[in-house]
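What follows is a set of notes on a single structure, which appears directly below.
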Amino acid sequence: MHDRSLNLILSSAVLVCGLVASNRIAAQATPQQSLLVLSKRNHTLAIVDPATLKVVATAPVGADPHEVIASADGKTAYVSIYGGGAYHVLSVIDLVAQKALPDIDLGALNGPHGLTFVGGKLWFTAEGAKAIGRLDPATNKIDWIMGTGQNRTHMIYVTADQKQIYTTNVSSASVSIIEKITLPPMGPPPGMQGGPPPGAPPPGGPGGPGGQSRTDWNQTVIPVGKGDEGFDVSPDGHELWTADAQDGTISVIDIAEKKAVATIPAKVFGANRLKFTPNGKHVLITSLRDGDLVIYDAASRQEFKRVSIGHGAAGILMQPDGSRAFLSCGPDNYVAVLDLKTFEVTGHIDAGGEPDGLAWAVHP
């Protein structure tokens, strides 16, 4: 009788523990919408439930992680392993299985930093190579590279039609606007007479002497303030604003005109990131030197408000529905949550030491 009772008790305990473990696993599954947070100190990527502001899982990444982006299907995250321009690796995280996948070696494209995911491709800057590149996730191979000739090509923005690319070049104090253009057929080589040899294909391709039209890329380099790094494009696509960390100014570029049209004396020295709110009405700027988040009115180009968020901050991420912004406060080891209606801090997230790069992931 005693043995039977003991067995029943043990069986019940095992069942209860199994149910608890099962519930714990289910509760820690990656949410459909997730906030991704890089920790530079812990070398981890945290997956945060934006509803509870709690970390549901972490995965290891390489040394000196700086930026993160999620694939369009929200299943994969890519992390730039920067190393001040010395490293040449992207860390890859399976967000559903919550585990690290094999790194992607970028070869001679040293110093990957800025990341964006557009048109099913991963676009990135490579500071050490003064270049930008594009990776095809289907093959994990680089399928396009272009040099900028600028120093510290740092952050990147690619338009939805993939016909324009914008970058900030920190040490060159410039912004690059790179446009995809269509060129006429090449025609025969200079000095060629009498046509091609018998049996040779016509010059310019299979279209005959006229050949086929071809594409190329043109770069316009626009001077701005010193130390320009963080930047964003207005939601209407008309303006590009970049924060000039050394000058403490904000440069405003008219994208259609491809020129700087205003320099705002914002006095935001050490500015690190700049982002428009989703409605385009305000611009948020963080500084590595100052504990205040600086907010500008986009229409008037006047300071709207300053909000104390800690002792310095870097990454800024806008929640897509426009309700909140997330701010990586590295010196304070938390991510501050900002209500975009009241512009007040409403909470903090502990996602690892020295949080930096932020991204949003949505999967079915």
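Residue numbers start at 1 and run along the sequence shown. Below, all heavy atoms of this structure are taken into account, side chains as well, without hydrogens, waters or symmetry copies.
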Q.
W217: which residues meet the ring pair (Phe, Tyr, Trp, His ring centres under 6.0 Å) condition with it, sequence neighbours left out?
A. W144
Q) Minimum heavy-atom separation for L36 to A361, with atom names? A) CD1-CB, 4.2 Å
Q) Which atoms form the tightest heavy-atom contact between I285 and A271, and what is the distance? A) CG2-CB, 3.9 Å
Q: First locate atom CG of D297, then atom CD of Q302, and finally report the distance between them rounded to the nearest 0.5 Å.
A: 8.0 Å
Q: Quick one: pull up CG in D228 and CE in M155 and give me the separation to the nearest 0.5 Å.
A: 11.5 Å
Q: Would you check if the side chain of D49 reaches a backbone N or O of K54 as a donor-acceptor pair within less than 3.5 Å?
A: no
Q | Shared hydrophobic cluster, L106 / W123 (ILVMFWY, side-chain heavy atoms < 4.5 Å) | A | no
Q) Rounded to the nearest 0.5 Å, how far does CG of L101 lie from CG of L90? A) 12.5 Å
Q) Is there a donor-acceptor pair closer than 3.5 Å between any side-chain N or O of Q246 and the backbone N or O of A173? A) no
(Q) If hydrophobic clusters are built by linking Ile, Leu, Val, Met, Phe, Trp and Tyr wherever their side-chain heavy atoms come under 4.5 Å apart, do F326 and L284 end up in the same one? (A) no
Q | For T153, the option from N169, T168, T125 that meets side-chain hydrogen bond (donor to acceptor under 3.5 Å, both in side chains) | A | N169
Q) Given side chains that start at C-beta, do those of V48 and I349 come closer than 4.5 Å, heavy atoms only? A) yes
**Q.** CG-CD1 distance between D292 and I309, expressed to the nearest 0.5 angstrom
**A.** 8.0 Å
Q: To the nearest 0.5 Å, tell me how far I47 CD1 sits from T58 OG1.
A: 8.5 Å
Q. When you measure from the side chain of D73 to the backbone N and O of K75, does any donor-acceptor pair fall under 3.5 Å?
A. yes
Q. Is there a side chain to side chain contact (heavy atoms under 4.5 Å, CB included) between R306 and V294 once you walk through the steps?
A. CA-CA 5 Å; R306 291 194 177 220; V294 179; 3.6 Å; yes
Q | Cluster overlap V158 with L115, hydrophobic side-chain contacts below 4.5 Å | A | no
Q. Is R41 paired with E354 through a side-chain N to carboxylate O contact shorter than 4.0 Å?
A. yes
Q) Will you find, in the side chains of D64 and H66, an N or O donor that is under 3.5 Å from an N or O acceptor? A) yes
Q.
Less than 4.5 Å apart, side chain to side chain, heavy atoms only: is that true for P31 and V56?
A. yes
(Q) Quick check: do R301 and W241 have side-chain heavy atoms less than 4.5 Å from each other? (A) yes
Q | Shortest non-hydrogen contact from I69 toward F117 | A | CG1-N, 3.9 Å
Q: Give, for atom OG of S323 and atom CG of L340, the distance between the pair rounded to the nearest 0.5 Å.
A: 7.0 Å
(Q) The test is side chain to side chain contact (heavy atoms under 4.5 Å, CB included); show your working for Q150 and V221 and say whether it passes. (A) CA-CA 9 Å; Q150 300 294 293; V221 177; 3.6 Å; yes
(Q) Tell me whether I156 shares a hydrophobic cluster with I177, the cluster being built from Ile, Leu, Val, Met, Phe, Trp, Tyr side chains joined at under 4.5 Å. (A) no
(Q) Which residue is it: T148, N151, N110? I am looking for the one with a side-chain hydrogen bond (donor to acceptor under 3.5 Å, both in side chains) to K130. (A) N151
Q: Kindly determine whether N140 and L135 satisfy side chain to side chain contact (heavy atoms under 4.5 Å, CB included), including the steps that lead there.
A: CA-CA 6 Å; N140 278 348; L135 181 97; 4.3 Å; yes
(Q) Quick one, V92 and Y78 - any side-chain contact, counting heavy atoms below 4.5 Å? (A) yes
**Q.** Linked, directly or transitively: I145 and Y166 (ILVMFWY side chains, under 4.5 Å)
**A.** no
Q: Only pairs at least two apart or in different chains count here, so list each salt bridge (charged side-chain N to carboxylate O under 4.0 Å, His left out) that has a residue in residues 135-163.
A: K121-D143, E127-R152, R134-D143
Q | Heavy-atom side-chain proximity of L293 to T286 below 4.5 angstrom | A | yes
Q) Pairs in or reaching into residues 256-275: which pass side-chain hydrogen bond (donor to acceptor under 3.5 Å, both in side chains), with residues at least two apart or in two chains? A) E67-R273, E179-K258, E229-N272, E229-R273
Q. Do the side chain of D236 and the main chain of H238 share a donor and acceptor less than 3.5 angstrom apart?
A. yes
Q.
Using modelled atom types and a 3.5 Å cut-off, is there a donor and acceptor pairing between side-chain atoms of T159 and backbone atoms of Q164?
A. yes
Q.
Can you confirm whether or not the ring centre of F304 sits under 6.0 Å from the ring centre of F343?
A. yes
(Q) Between S39 (side chain only) and T44 (backbone N and O only), is there a donor and an acceptor less than 3.5 Å apart? (A) no
Q) If only atom types and distance count, is the side chain of D105 paired as donor or acceptor with the main-chain N or O of G107 below 3.5 Å? A) yes
Q. If you take all heavy atoms of A314 and L288, which pair is closest and at what distance?
A. CB-CD2, 4.1 Å
Q: Please assess L53 against R324 for the test side chain to side chain contact (heavy atoms under 4.5 Å, CB included), listing each intermediate value before the final yes or no.
A: CA-CA 12 Å; L53 302 182; R324 297 181 295 184; 3.7 Å; yes
Q) Quick one: does H363's side chain get under 4.5 Å of L95's, heavy atoms only? A) no
Q) Looking only at heavy atoms, which two atoms of P235 and P278 are closest? And how far apart? A) CG-O, 3.6 Å
Q. For W360 and Q319, does a side-chain donor sit closer than 3.5 Å to a side-chain acceptor?
A. no
Q: Determine yes or no for a side-chain-to-main-chain donor-acceptor pair under 3.5 angstrom, with S176 supplying the side chain and I178 the backbone.
A: no
(Q) Given 3.5 Å as the limit, does a donor-acceptor pair link the side chain of S234 with the main chain of E239, or not? (A) yes
Q. Are side-chain heavy atoms of Y157 and L240 found at a separation under 4.5 Å?
A. no
Q: State, to 0.1 Å, how close P223 and A260 come at their nearest heavy-atom pair, and which atoms those are.
A: O-CB, 4.3 Å
Q. Quick one: are F124 and L109 in side-chain contact, heavy atoms under 4.5 Å?
A. yes
Q: Kindly say whether H113 contributes a backbone atom to a donor-acceptor pair with the side chain of S80 at under 3.5 angstrom?
A: yes
